[in-house]
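This report concerns only the one structure given below.
Below, chain A is the first sequence line, B the second, and so on; all start at residue 1. In this text the structure is predicted, and so the values were computed from the model without any measurement. Values below: every heavy atom of this structure, side chains too, minus hydrogens, waters and symmetry copies.
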Amino acid sequence: MSVRVRFAPSPTGALHIGGVRTALYNYLFARQHGGTFILRIEDTDQNRYVPGAEAYIVEALKWVGLLPDEGVGFGGELGPYRQSERKPVYHQYAHELVAKGKAYFAFDTPEALEAARQAEENFTYNAHTRHLLSNSLSLPAETVQQRLAAGDPYVIRLRVEPGQDVHIQDLIRGAVVFQSSELDDKVLLKTDGMPTYHLANIVDDHLMGITHVIRGEEWLPSTAHHVLLYQAFGWTDTMPQFAHLPLILKPVGNGKLSKRDGAKFGIPVFPLAWAGETAEDSFPGFREAGFLPAATLNFLALLGWHPGGDQEIFSLDELIQAFSLEHISKGGARFDYEKAKWFNQRYIQTMDPAALAAAIQPLAAAKGYQADTAFLSQVVQLMKERVTVLPDFVEQGYYLFEAIKLYDDEMIAKKWSAGLQPAFEALIGAVENAPVFEAAPLEEQVKQFIQDQGLKPGEVLPLLRLALAGTMKGPAVFEMAAVLGRAESTRRLREGMDYFNRCIAANA
RNA sequence: GGCCCGUUCGUCUAGGGGUUAGGACGCAGGAUUUUCAUUCCUGUAACACGGGUUCGAUUCCCGUACGGGCUACCA
């Protein structure tokens, strides 16, 4: 039987970066086995539904390149893949369970349940307490029929029989056992007719032929209920195998990574930026921070999984080849932004210049720079060894696009003196009239000039750099000059010298 | 509180009854580059604790501690 896995997010807001990792592992598993990767939208909570969240999820998956084979917006024969559109299905199956005696109607109001919890600290709706509450197991059959006929609101609860062991063989954690006496009678169908996660997930996984459920560790405790549900429906022979992933933890401190950590540590914890109703509900994303999709995926893949060996850089194809559930760590993985940046830096270094140029084109345009891809390609080759995220190109290397905004006065004071002026003027002339305005010949010519003048490279080259870029940080001087061009370089050298003199004068 | 899961350098991890416990990020130092960065080299640093089992445990078992998750008509 071919592998079918699903990524099943709930559209309650931006998709957490941990969700992207879950999607990635599902995707890798499916691809490796020649299986099918399905996107299912679990929008059964009408109260928490957030408009735009579903579109965000799809856009995020597209950005990292994890395209579903089936799902909302991706076709497939076993839809609809949006749970809110499957309401009648859940109604039917929930009532089937009641008919089989595996579930029951319950009329308890939220207030009544709240009162029960108040009365008893560890109140649980189960075999011990259900006879004290209002449901079809405690009430006379006629009363139940009357209330149902009268349209009284009701939920359907799973009837958990105590005294049995529920065994799970988790693909990551091994054998896990739960005592059914510890389990509560979970609500399956809510008053509004929508299913809870528990019902919807079992019904859909069954109907959609899911073979492996790869999800976050937070689902491990309720997996016992899920197994009971498969048993109740009589679907145990096709029950999927479970794999519960370790959580992603905060960069520092305790607990799992939350959306608030983004603001707290000044780092993105979402794939894409999210514009919420308020500033407090809006978050930056990896894409906007200047991360490459491939680097983001590589980083996430290794957060909780490693195939063994010393390899760190994996293409998506290599990840597909190397992936295995057995090599997923059991313990939670701390979110390490420094490592994420390192991956990005590596990917930028090895990326094709033309592709990189295309990637930074929008960033340049946003800054108002009129730069064609040929020029951007040159910029990229000068800067790619010294940036970590995409915006660094236009921020750190701004002087390649526009006039110098700030000079390193301290360095100027250290290097410039009025006595250098005649030589510098002659140098400007030599540069202006250079026979070939390309990095290598220019360098050769200038160094010869320096030698002829009886100067040392260390006396002149830093000044050249300062005049060209304003800062001591940056690419090779002559490569910069070549990219800037003859006219602009000469102009900067003249302006630079003027500035040097003013700078010295101001300090005197 | 109850139930469940986990614990190898600061971080991500490899490994596995007998190893100098390996790699990567970070950090520190050095080389190259008359800038910055890249690259290269070197260094730093770990098996949570206590009992077993065993000739021998970091590795297997049991406890403890610590961490995490769940405990809704949320997913």
ask   = What does B:U58 pair with, Watson-Crick or G-U, if both distances are under 3.5 Å?
value = none

query = Want to settle it: does A:Asp43 or A:Leu220 sit nearer the 5' end of RNA chain B, counting the closest nucleotide to each?
reply = A:Leu220

key: N or O in side chain of A:Thr44 less than 4.0 angstrom from B:A75 OP1/OP2   = yes

task = Pick the C1' atom in B:U32 and in B:C9, then give their distance to the nearest Å.
result = 30 Å

remark   = Judged by nearest nucleotide, the residue sitting upstream toward the 5' end of RNA chain B, A:Ala333 or A:Arg346, is A:Ala333

key: Nucleotide opposite B:G16 in a Watson-Crick or G-U pair, distances under 3.5 Å   = none

ask   = Under 4.0 Å: is that the gap between some side-chain N or O of A:Lys256 and OP1 or OP2 of B:C70?
value = yes

ask   = If you look at every strand shown and take non-hydrogen atoms under 4.0 Å, does A:Phe178 touch a base, only sugar-phosphate, or nothing?
value = sugar-phosphate

ask   = Looking for any heavy atom pair under 4.0 Å, which part of the strands does A:Asn122 touch: base, sugar-phosphate only, or nothing?
value = base

ask   = Hey, is the side chain of A:Gln345 poking within less than 4.0 Å of OP1 or OP2 on B:A37, counting only N and O atoms?
value = no

key: Strand partner of B:A24, provided both Watson-Crick or wobble distances fall under 3.5 Å   = B:U11

ask   = Under a 3.5 Å cut-off for both distances, is B:A45 Watson-Crick or wobble paired, and to whom?
value = none

inquiry  = Taking atom NZ as the centre, does A:Lys87 end up with more than 12 heavy-atom neighbours from other residues, nucleotides or ligands that are less than 6.0 angstrom away?
reply    = yes

query = Are a donor atom and an acceptor atom from the side chains of A:Arg6 and A:Asn201 found within less than 3.5 Å of each other?
reply = yes

ask   = Can a side chain N or O of A:His327 be found less than 4.0 Å away from OP1 or OP2 on B:G15?
value = yes

ask   = So, is A:Lys190 near the phosphate of B:A75, with a side-chain N or O under 4.0 Å from OP1 or OP2?
value = yes

Distance below 4.0 Å between A:Arg48 side-chain N/O and B:A75 OP1 or OP2 = no

query = Taking a pair as Watson-Crick or G-U wobble with both distances under 3.5 Å, which nucleotide is matched to B:U32?
reply = none

message = With a 4.0 Å cutoff (strictly under), does any side-chain N or O of A:Arg334 reach OP1 or OP2 of B:G6?
response = no

query = Can you tell me the Watson-Crick or wobble partner of B:G6, both distances under 3.5 angstrom?
reply = B:C66

Side-chain-base donor-acceptor pair under 3.5 Å for A:Lys473 and B:A37 = no

task = In whole angstrom, give me the gap between the C1' atoms of B:U64 and B:C74.
result = 35 Å

task = Measure from the side-chain N and O atoms of A:Gln445 to the backbone N and O of A:Ala430, and report whether any donor-acceptor pair falls under 3.5 Å.
result = yes

message = Set out, in order, the CA-CA distance, both residues' side-chain angles and the distance that settles side-chain hydrogen bond (donor to acceptor under 3.5 Å, both in side chains) for A:Tyr81 and A:Asp204, then state yes or no.
response = CA-CA 9 Å; A:Tyr81 295 92; A:Asp204 287 349; over 6 Å; no

ask   = Base, sugar-phosphate, or nothing: which does A:Pro110 touch, judged by heavy atoms less than 4.0 Å apart?
value = base

query = Is a salt bridge present between A:Arg173 and A:Glu217, judged by a nitrogen-to-oxygen distance below 4.0 Å?
reply = yes

